[in-house]
Amino acid sequence: MIKNKTPAQLEKMAAAGAIVAGCLKMLKEHCRAGVATIELDRLAERFIRERGGVPTFKGYRGYPAAICASPNSTVVHGIPGPYRLRDGDILSLDVGVTLAGWVGDAAITVEIGDAGKLARTLMDVTSESLNRAIARCRPGNRLGDVSSAIQDYVEANGFSVVRTLVGHGIGRKMHEAPQIPNFGTPGEGPELKEGMVLAIEPMVNAGTHRVSVGEDEWAVSTADGSLSAHFEHTVAVTAQGPWVLTMAAGEKQAGLEASSLLW
Ligand code: MF3
Ligand code: CO
């Protein structure tokens, strides 16, 4: 069952989302060669708790850290550890925050030094696929319109979408109905209604869409060792259009104008 939120509840989710956005911004500033991913985890946990939030991921099904830090061919769910970032890496950072009982969830992929043209194109395509999906988050559209926006843009650019991991509804719990695949058919799936909140998260590989799970039973990596990028936002469907809840105050949905025009 999809639980739609009231405007007052969306405001609470936006407060959680602002901490997520601020945390990702802070982490991005700390991403440079020589920094260990466990250091990023400690910075994130402190940032979240100082603002009255709780790191949603920590303890979720036994997950041991506050954030996911997934370098290079790791798609998602990389457990922060002693790995030190190197010039030429890309790193996907995923942050979830619970504030006053409401959850925000977002992710970005960042470049360490110069990761090269392929890596930058992969990151740009993944981010733009998310923006296009967000632009479809309007009442009366269907979930397949959101999913297909991602798949069509990614595949037109020669990359592949991961099939076995999906985005999700979100609210009082991190994972609510519906599941949001990064592939689909326009016009299919549940109708989007005012108050629905979707965590949309394209996971895009430079090579095969196939993935495998690591020995720690968390880290998901590309089956062929190719690079992978991940961007995520928590988005509310409103009568006024998509409302990105995982934005810092003053960030003002920057970067979304272009794709909104296309839509
Ligand atoms: N954004 C991811 C998700 O929605 C983060 C979950 S990591 C976990 O599934 F450790 F909490 F599982
Ligand atoms: Co998520």
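Just so we're clear, the structure is a prediction, and the values are computed from it rather than from any experiment. First listed ligand is number 1; within each ligand, the first listed atom is number 1. Values below: all heavy atoms of this structure, side chains included; hydrogens, waters and symmetry mates excluded.
A donor atom on one side chain and an acceptor atom on the other are not found under 3.5 Å apart for His233 and Glu201.
Under 4.0 Å from ligand 1, heavy atoms of Phe57 appear from its side chain as well as its backbone. Of the heavy atoms in Cys68, only side-chain atoms (C-beta onward) come closer than 4.0 Å to ligand 1.
Using a cutoff of 4.0 Å between basic side-chain nitrogens and carboxylate oxygens, Glu194 and Lys5 are not scored as salt-bridged.
Remark: ligand 1 and Tyr60 share no N or O pair separated by less than 3.5 Å (distance only, no angle test). Ligand 1 has no nitrogen or oxygen under 3.5 angstrom from a nitrogen or oxygen of His230.
Side-chain atoms of Ile150 and Val161, non-hydrogen and from C-beta on, do get closer than 4.5 Å to each other. For the pair Arg49 and Pro55, the minimum side-chain heavy-atom distance is below 4.5 Å. Proximity of Leu122 to Val204: side-chain heavy atoms (C-beta onward) are separated by under 4.5 Å at one or more points. The closest side-chain heavy-atom distance from Glu111 to Arg120 is below 4.5 Å.
When each atom of ligand 1 is checked for a heavy atom of His77 under 4.0 Å away, the hits are 6 (C), 7 (S), 9 (O). Residue Tyr63 approaches ligand 1 through these ligand atoms, each under 4.0 Å from one of its heavy atoms: 10 (F). Close contacts between ligand 1 and Glu232 involve ligand atoms 1 (N) [criterion: under 4.0 Å to a heavy atom].
At the shortest separation from atom 1 (N) of ligand 1 among protein heavy atoms lies Asp94 OD2, 2.7 Å.
Checking side-chain atoms of His30 against main-chain N and O of Met26 turns up a donor-acceptor pair under 3.5 Å.
Each of Val244, Thr234, Val146 was evaluated against Ile200; a single residue qualifies, Val146, per the side-chain contact (heavy atoms from CB on, under 4.5 Å) test.
Take a cut-off of 2.8 Å around the Co ion (ligand 2): the protein N, O or S atoms inside it are Asp105 OD2, His168 NE2, Glu201 OE2, Glu232 OE2.
Judged as a ring pair (Phe, Tyr, Trp, His ring centres under 6.0 Å), the pairs with a partner in residues 41-61 (not counting sequence neighbours) are, in order, Tyr60-His175.
In the candidate list Glu201, His168, Met203, His175, His175 is nearest to atom 9 (O) of ligand 1, counting heavy atoms.
Looking at every heavy atom in both residues, Ser148 comes nearest to Pro186 through OG-CG, 3.5 Å.
Counting heavy-atom neighbours within 6.0 Å of Arg46 CZ, excluding the residue itself, gives a total of 12 or less.
Not a single heavy atom of Arg61 sits less than 4.0 Å from an atom of ligand 1.
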